[in-house]
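Below is one structure, written out as structure tokens; comments come after it.
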Amino acid sequence: MSDPRPADPPLPGTLRDYERAAMALLGDDVAGYLAGGAADEHSTRWNADRFAGIRLAPRVLTDVRDLDTSADLLGTRLEHPILLAPTGAHRLFHPGGEHATAAGAAGTVYVVSSYSTTAFADLAAQAAGPLWFQLNPVPDADFVRETVRGAVTAGARAIVVTLDTPVAGTRDRQSWNGLDLPGGMSYPMLGGYGGLRPDPAARSIYRPALDAGFTAHDLARIVAEAGAPVVAKGVLRADDAATLVDLGVAGIIVSNHGGRNLDTVPATIDALPGVVRAVGGRVPVLLDGGIRRGTDVLKAIALGARAVLVGRPALWGLTAGGADGVRHVIDVLRTELEMAMALCGVTSLGAAGSDILWEE
Ligand SMILES: Cc1cc2nc3c(=O)[nH]c(=O)nc-3n(C[C@H](O)[C@H](O)[C@H](O)COP(=O)(O)O)c2cc1C
Ligand SMILES: CCCCCCC(=O)C(=O)O
């Protein structure tokens with residue numbers, strides 16, 4: 001793929017600037033893959049909009065000269081609580097692909113997607129920061145076992161199992177655009193499944209590699225065999241969260257897949273409090289979906305999340321500026337988080353409780 005970007009692009013200032021810059025660079029098909037949600041995209045919009053509806057209650061007369069944004073996650077101390085969510089096919093967005101993302105994410109956790117266009121082992125050999133591997137279960141227990149084993153052997157610090165995609169959702173933009181991987185790109189982590197197409201005549205970036213029969217029994221086997229902590233991604237219901245803790249997961253990601261699978265599910269920030277209550281502190285709860293400002297990060301922490309993940313914003317950064325763009329997107333969010341903490345009168349994430357949220 002030729003790269004239309006100037007060699008040294010100016011770095012935009014906010015995540016919305018990055019979104020505009022990225023969308024201006026991408027064709028409609030790749031832009032649709034990035035931005036798209038399921039069906040009428042209500043849940044995608046709600047994810048961001050519901051953050052705006054939560055008001056802050058800033059406390060005055062606090063010494064906020066020293067701020068601590070660090071977060072402990074599965075035995076690793078991170079400088080800040082902003083992780084990179086798993087997203088597929090990074091070589092569509094920038095010639096550096098997942099290598100550029102890993103370089104930009106060096107100070108935090110990058111969750112590498114099963115749908116990556118770079119092999120996990122190649123990334124792990126060069127990555128400066130901690131990598132987790134995200135698994136889309138396929139209907140082949142041996143393949144799943146080998147994939148997880150390979151990722152852990154290569155250095156994955158955790159396995160994230162995506163539970164919210166037993167089948168594909170309604171992705172109208174994909175139907176309209178017929179995006180497929182260009183020649184020369186593949187999904188190495190999907191093995192033989194990466195070569196499958198839903199219909200050889202129909203172009204599609206997706207592959208019929210999902211396991212519609214995946215149940216608690218299969219997850220329990222992965223937990224037992226992984227040799228690394230297993231984190232469940234795609235949880236909205238409190239009762240599911242309680243079941244997952246009983247199954248031995250080491251963490252839960254409250255996520256609706258960026259609103260990409262089932263439209264009209266609630267915004268993740270609305271689902272978070274119920275999950276946090278059900279989990280009762282037994283494992284960390286993380287959240288993704290609609291994080292666009294440092295205040296969003298702070299609100300999620302105040303409602304009980306240990307950390308957050310960003311999906312589309314990292315891809316905007318990758319598209320507009322490669323590794324520098326990814327790094328800057330994370331820096332912008334972190335800087336905004338620090339400002340929000342200082343202005344709310346909280347000096348550490350542990351001190352950010354629901355009292356900094358305005359209650360009527
Ligand atoms: C282009 C794109 C590809 C994605 N690919 C995956 C994936 O391979 N596996 C997965 O579990 N989630 C995937 N997701 C969902 C993200 O991990 C995450 O849940 C979502 O993007 C969070 O919402 P946000 O984009 O508003 O930050 C993808 C999201 C996008 C936008
Ligand atoms: C729709 C079936 C597989 C999706 C894999 C990538 C992904 O999670 C996403 O695009 O979202």
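Just so you know, ligand 1 is whichever comes first in the structure, and atom 1 is the first atom listed for that ligand.
No donor-acceptor pair under 3.5 Å is formed between the side chain of T87 and the backbone N or O of G311. Checking side-chain atoms of D263 against main-chain N and O of S43 turns up a donor-acceptor pair under 3.5 Å.
Residue, atom and distance of the protein heavy atom nearest to atom 4 (C) of ligand 2 are Y206 CD2, 3.7 Å. Atom 10 (C) of ligand 1 has as its closest protein heavy atom K233 NZ, 3.4 Å. Here the heavy atom of the protein found nearest to atom 15 (C) of ligand 1 is H257 CD2, 3.6 Å. Looking from atom 2 (C) of ligand 2 to the surrounding protein, the closest heavy atom is L210 CD1, 3.6 Å. For atom 3 (C) of ligand 2, the nearest protein heavy atom (residue, atom name, distance) is Y115 OH, 3.6 Å. The protein non-hydrogen atom at the shortest distance from atom 1 (C) of ligand 1 is R260 NH2, 3.5 Å. From the protein, the heavy atom lying nearest to atom 8 (O) of ligand 2 is H257 NE2, 2.7 Å. What sits closest to atom 18 (C) of ligand 1 on the protein, heavy atoms only, is D288 OD2, 3.3 Å.
Using a 4.5 Å cut-off on side-chain heavy atoms (C-beta onward), L298 and L337 make contact. You'll find the side chain of L196 reaches within 4.5 Å of the side chain of P208, heavy atoms only.
The T162 neighbourhood of ligand 1 comprises atoms 10 (C), 11 (O), with distances under 4.0 Å to a heavy atom of that residue. Close approach of ligand 1 to G289 (heavy-atom distance below 4.0 Å) involves ligand atoms 22 (C), 23 (O), 26 (O). Numbered from 1 in the order shown, with element, the atoms of ligand 1 that lie under 4.0 Å from a heavy atom of S255 read 19 (O). Per-residue contacts place G311 under 4.0 angstrom from the following atoms of ligand 1 (heavy atoms of the residue considered): 21 (O), 24 (P), 25 (O), 27 (O). Counting atoms of ligand 1 from 1 in the listed order, those under 4.0 Å from a heavy atom of R312 are 23 (O), 24 (P), 25 (O), 26 (O), 27 (O), 31 (C). Per-residue contacts place T87 under 4.0 angstrom from the following atoms of ligand 1 (heavy atoms of the residue considered): 2 (C), 3 (C), 4 (C), 5 (N), 6 (C), 28 (C), 29 (C), 30 (C). Which parts of ligand 2 touch A168 is read off a 4.0 Å heavy-atom cut-off, strictly below it: atoms 1 (C). Near R260, meaning under 4.0 Å from any of its heavy atoms, are these atoms of ligand 2: 9 (C), 10 (O), 11 (O).
With a 4.0 Å cut-off on non-hydrogen atoms, S113 touches ligand 1 through its side chain and not its backbone. When heavy-atom distances to ligand 1 are checked against a 4.0 Å cut-off, L315 comes that close only through its side chain, counted from C-beta outward. The part of R292 lying near ligand 1 is the side chain, judged by heavy-atom distances below 4.0 Å.
Using a 4.0 Å cut-off between charged nitrogen and carboxylate oxygen, D17 and R20 count as a salt-bridge pair. Contact check on D296 versus R293 returns no salt bridge, with no Lys/Arg side-chain nitrogen under 4.0 Å from an Asp/Glu carboxylate oxygen. Salt bridge status for R207 with D180: present, with a side-chain N to carboxylate O gap under 4.0 Å.
For the atom pair L315 CG and T101 OG1, the distance stands at 7.0 Å (nearest 0.5 Å).
For G290, a nitrogen or oxygen atom sits less than 3.5 Å from a nitrogen or oxygen atom of ligand 1, counting backbone and side chain alike. The distance criterion of under 3.5 Å between nitrogen or oxygen atoms is not met by N136 with respect to ligand 2. Remark: ligand 1 and A85 share no N or O pair separated by less than 3.5 Å (distance only, no angle test).
Put simply, no part of S114 is less than 4.0 Å from ligand 1, judged by heavy atoms. Distances from ligand 1 to the non-hydrogen atoms of N47 include no value under 4.0 Å.
Nearest residue to atom 9 (C) of ligand 2 from R207, K233, R171 is R171 (criterion: closest heavy atom). The residue among P86, G234, G259, S116 with a heavy atom at the shortest distance from atom 28 (C) of ligand 1 is P86.
A donor-acceptor pair shorter than 3.5 Å can be found between the side chains of S255 and D288. Looking at R45 and H42, their side chains do bring a donor and an acceptor atom within 3.5 Å of each other. N177 and D28 share no side-chain donor-acceptor pair at under 3.5 Å.
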*Go through the steps for D324 and R327 under the test salt bridge (charged side-chain N to carboxylate O under 4.0 Å, His left out), then give the verdict.*
CA-CA 5 Å; D324 288 344; R327 192 177 299 113; 2.7 Å; yes

_Test salt bridge (charged side-chain N to carboxylate O under 4.0 Å, His left out) on E19 and R292; report intermediate values, then the result._
CA-CA 10 Å; E19 178 177 20; R292 303 292 181 262; 5.9 Å; no

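Taking the ring axis of Y33 as reference, the NZ or CZ atom of R260 stays within 45° of it and closer than 6.0 Å to the ring centre.
F133 and F120 have perpendicular rings, their planes meeting at more than 60° on a 0 to 90° scale where under 30° would count as parallel.
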